[in-house]
Amino acid sequence: MANPRYNARETEARWQKIWAERGVFRTTNDDPRPKYYVLEMFPYPSGRIHMGHVRNYTMGDVVARFLRAKGYNVLHPMGWDAFGMPAENAAMQNKVHPKTWTYDNIAAMREQLKLMGLSLDWDREFATCDLDYYHQQQKLFLDFLAVDLAYRRKSKVNWDPVDQTVLANEQVIDGRGWRSGALVEQRELTQWFFRITAFSEDLLTALDGLERWPDKVRLMQKNWIGRSEGLRLRFAFIPPAPDDFPYLEVFTTRPDTLFGASFMALSPDHKLTEKLAESNDKIADFVAECRRMGTSVEAIETAEKKGVFTGLTVRHPFLKGVELPVYVANFVLMEYGSGAIFGCPAHDQRDLDFARKYGLNVTAVVLPPGADPNSFAVDDKAYVEDGTIFNSDFLNGMTIADAKEAVASRLEQRQVANIAEAAREVNYRLRDWGISRQRYWGCPIPVIHCPECDVVPVPETDLPVELPDDIDFDAPGNPLDRHPTWKHVDCPKCGGKARRETDTMDTFVDSSWYFARFTGPRADRPTEPDVVNAWLPVDQYIGGVEHAILHLLYSRFFSRAMKATGHVAVSEPFDGLFTQGMVTHETYKGEDGRWLFPEEVVFGAGGTTHAETGEAVTIGSIESMSKSKKNVVDPSAIITAYGADTARWFMLSDTPPDRDIQWTDAGVEGAHRFVQRLWRQVGALTGKLDRSGNGSDPSSPAALDLRKATHRTLAAVGSDIEKLHFNRAVARIYELMNTISAAAPGVDADPALAAAMAETLDILAKLIAPMMPHLAEEIWAGLGHETLISEEAWPEADRSLLVEDMIVLPVQVNGKKRGELTIARDASQADVEAAALALEPVNRFLDGRPPRKIVVVPQRIVNVVV
RNA sequence: GCGGGCGUGGUGGAACUGGUAGACACGCUGGAUUUAGGAUCCAGUGCUUCACGGCAUGGGGGUUCGAGUCCCUCCGCCCGCACCA
């Protein structure tokens, strides 16, 4: 330890090699210790790791190393979310095969990750594009298909006519394909779906049990599932009713407003609309116009409520002789309820806009509190608040809730002549999950289309359906579909000529069960029941909040579907979830407004300038790191310059882990200074330590104080890490470090302090080990230990050192602190009062009068009320 | 529009169930040491006052012996959803 400067690069490589050689982080499935499964969201192999990965994996590694030290059998694996579009884009742009591109990227990123010193079990690594992985995924698909959790139906999709592919909603920008720029069309295609709605209710109610999830995420999922209770009503047509439609079915959550109904509206996609359009050009034109309407945010926000009268009318269920015209309206969604509504303009803004446009009646039936029933009317703002029902016959005077119930029970008892049928119904906004993608680089859907036998699952013995390697990306569309031979197969059932499904699965399918596969990554079935059920659920899952809905909801569905098909025993995959914040950085712009990389910018006395051109640079807002704004810092460069421990320490310091952290040079340098300071301080002390005792010598108050500070820190850091409050744990370690520096000069003359210091430095090394594992190993070895600190147990805090006999009690007068007194911890209330009243500042405020009241909160505070 | 969250020094942020506001760090100021340092060490650092003290957790009001924390209200910022009947 003579070297005053810590050489991170040399040291980190050395310890990483030792860990790997000794297999320190390899996890076995038959370990008798209690299990703990730590998982960070696995990366997409884009080619290079970014700071978000560094932050995510640092946090996970702290948890993994901490729990390993606490005596758990920790599973901490890593893999690759490796299918997806970017590989195909690279293939088109750079003429490189998606497989080559992906595996090259994985190799590069694995090397980068290894430089971070993460305590991962690399033996369990896999990529979702590995044949073995998607083979098992195909088995899952077939199992889901067998129990009807996977199915095929026609569905509206965004179709890019140039690239000849389906686009996700996120890939449609202002109505145009993000790559081709072509106007996106709405097309009906037959697509594969997972029946996530089979679990709507369970996915919703089970959220309450996810106590170790952020409330925010649970709420987002709740809103996404969107449960609402109401009635399904069948309105009778004024004869003649259209063929095949004896009644008009609607769903409503507001049956209390039935007396205010003034029209009916069908979705443009409603079956009845389609039928009417066949013989009515106006309707047909209107439907076509609606189809052209984009699905973009802007299009919906600015869309005018429009419709066209169908010529049909229905009877009002309660009001004799009242007839309601039936329209087709652009704001009615086919996907929700029955695709038809009754319109009550007074109490729904959309209905009101529509009614005003077409001159329909607006009858208020909910009276705001205190309003005059004779004069209250709705103008151009619908009344949607609470109130009392009026203008509504038998509902008059009721609350909204009572009126809903009254209508429901009356309809159920069939007391209404004009309603053919009514039933209570629960609807969800959640839709089934469309998984078909017209893409090459994904898991092939293992079915065969036979002209005789229809859809035939690929027999399990014929699995895997392997992606062909010889493909070309010269033309738009799905290369699998264009492949000369791949799709031509014989029907497994009848042996006749048949066609292989050329759609592949959404890559979200791949990431919906990888956590289960990590428990038995080489099994010849998707999971080994004994093993997977011993490991799941994941105890702590860590990742970005951007996955709050899709990935996390899909994974919750998958667990249920895998449970239904016997692959796992749990319904909930992730017991604890933590969503970390993003990494941000300042942005920089040159004189012409172009974005600049941080390394292009020089901060001089004369202002901020460009390193090469010398032009003035504008410092812009702080944004999350992104390639487009160039405000990125490459983790490899940081690790090369400062070492992984510095990068890790910085990521854990100062900012709470769930908030965005700003990456700054000053911050990194500060973290690095601490690494050096720690190294220097420990190095300066190693020769002076006394290993013959622990320093519990009553004759040395300095030793006792140091031991108290050490054990207090030990207890606090442990509980901070358990709560993932890494920034507080870091602050505690800084505090201990300051205490050590202050005590260091006394070690020479005080043998008890030298002994206490030995214990303190051992504990310090263990405290930093989860966060800066390389430095911790180096210090541990330097302190004379021959074990690996990575395999050492977390120390126990000595509880007798955590309580003080004498405490400092703040004394307030009228709630303001005026002084403090040092008193025995177990002093009686009378003693505390007497001591407080004896304080000079208190007396100054008392001014000779007796206090009105004295509040003593034991061991906390004294408040004298004058 | 609906739903949710957050506002604390120059900065990032501490403050457990209401109980010493500003821990810890960055930055800054002064000093020491050094050929030099973006290295290290020491001291200081919410605002205000010569001082006693006064004022301070987005603004205003309330509950309480006591409020950053609880309640009401207003302002500002951020996030999610988006015609869901």
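Since this is a predicted model, take the numbers as computed values, not measurements. Just so we're on the same page: letters track the sequence lines, and every chain starts at 1.
When heavy atoms are screened at a 4.0 angstrom cut-off, A/Ser653 is found touching no nucleic acid atom at all. Within 4.0 Å (heavy atoms only), A/Arg852 reaches no atom of the nucleic acid at all. Within 4.0 Å of A/Asp348, counting heavy atoms only, lies no atom of the nucleic acid at all. The residue A/Thr664 sits apart from the nucleic acid: no heavy atom pair falls under 4.0 Å. Within 4.0 Å of A/Val865, counting heavy atoms only, lie sugar-phosphate atoms of the nucleic acid but no base atom. Among the atoms of the strands shown, base atoms are found under 4.0 Å from some heavy atom of A/Phe251. Within 4.0 Å of A/Glu820, counting heavy atoms only, lies at least one base atom of the nucleic acid. In this structure, A/Arg732 reaches neither bases nor backbone, as no heavy-atom distance under 4.0 Å exists between it and the strands shown. Counting any heavy atom pair closer than 4.0 Å across all strands shown, A/Arg431 reaches a base atom. Across all strands shown, A/Leu333 has heavy atoms under 4.0 Å from base atoms, whether or not it also approaches the sugar-phosphate. Counting any heavy atom pair closer than 4.0 Å across all strands shown, A/Val332 reaches a base atom. Looking at heavy-atom distances under 4.0 Å, A/Asn427 makes no contact with the nucleic acid at all. Among the protein residues, A/Asn727 comes within range of the sugar-phosphate backbone only, with heavy atoms under 4.0 Å from sugar or phosphate atoms but none that close to a base.
For the C1' atoms, the distance from B/U64 to B/C71 is 12 Å, rounded to whole Å. Annotation: B/C42 and B/C24 have their P atoms spaced 14 Å apart (nearest Å). Nucleotides B/A14 and B/A25 have their P atoms positioned 15 Å apart, rounded to a whole Å. The separation of B/G68 from B/G13, taken at their C1' atoms, amounts to 14 Å, rounded to a whole angstrom. Between B/U57 and B/U20, the two C1' atoms lie 15 Å apart (nearest whole Å). Separation of the P atoms belonging to B/G12 and B/C78 is 15 Å when rounded to the nearest angstrom. The gap from the C1' atom of B/G3 to that of B/C84 amounts to 14 Å, rounded to the nearest Å. Taking the P atoms as reference points, B/G58 lies 6 Å from B/U8, given to the whole Å.
When each of A/Trp224 and A/Arg659 is assigned the nucleotide of RNA chain B bearing its nearest heavy atom, the one mapping closer to the 5' terminus is A/Arg659. Between A/Pro810 and A/Asn863, the residue anchored closer to the 5' end of RNA chain B is A/Pro810, taking for each the nucleotide with the nearest heavy atom.
Taking the ring centroids of A/Trp433 and A/Phe508, they lie at or beyond the 6.0 Å cut-off. Taking the six-membered ring where the residue is Trp, the centroids of A/Tyr327 and A/Tyr358 are separated by under 6.0 Å.
Paired with A/Met772 under the rule side-chain contact (heavy atoms from CB on, under 4.5 Å), one option of A/Leu767, A/Leu652, A/Val675 passes, and it is A/Val675.
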Quick one: do A/Gln812 and A/Asn814 satisfy side chain to side chain donor-acceptor pair (under 3.5 Å)? Show the steps, please. CA-CA 6 Å; A/Gln812 298 180 325; A/Asn814 290 338; over 6 Å; no
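For the 3.5 Å distance criterion, the side chains of A/Arg556 and A/Gln221 qualify, holding a donor opposite an acceptor.
A/Asp256 has its CG atom 12 Å from the C1' atom of B/A85, to the nearest Å.
Distances were taken from every side-chain heavy atom of A/Ser228 (C-beta onward) to each of B/C65, B/A85, B/A25; the shortest belongs to B/A85. Of the candidate nucleotides B/G13, B/A25, B/G53, B/G13 has the atom nearest to the side chain of A/Thr655. The A/Asp654 side chain lies nearest to B/A25 when the options are B/A25, B/C65, B/G4. Comparing atom distances between the A/Asn223 side chain and each of B/G19, B/G53, B/G3 picks out B/G3 as nearest. When distances are taken from the side chain of A/Arg673 to each of B/C84, B/C24, B/C26, the shortest belongs to B/C26.
No hydrogens or angles were tested; on distance alone, nothing pairs the side chain of A/Lys216 with the base of B/C79 as donor and acceptor under 3.5 Å.
Annotation for A/Lys357: atom NZ counts as buried by contact number, over 12 foreign heavy atoms lying within 6.0 Å.
Here the side chain of A/Arg659 pairs no donor or acceptor atom with the backbone of A/Gly581 at under 3.5 angstrom.
More than 90° away from 0 lies the glycosidic angle of B/G61, which makes this nucleotide anti.
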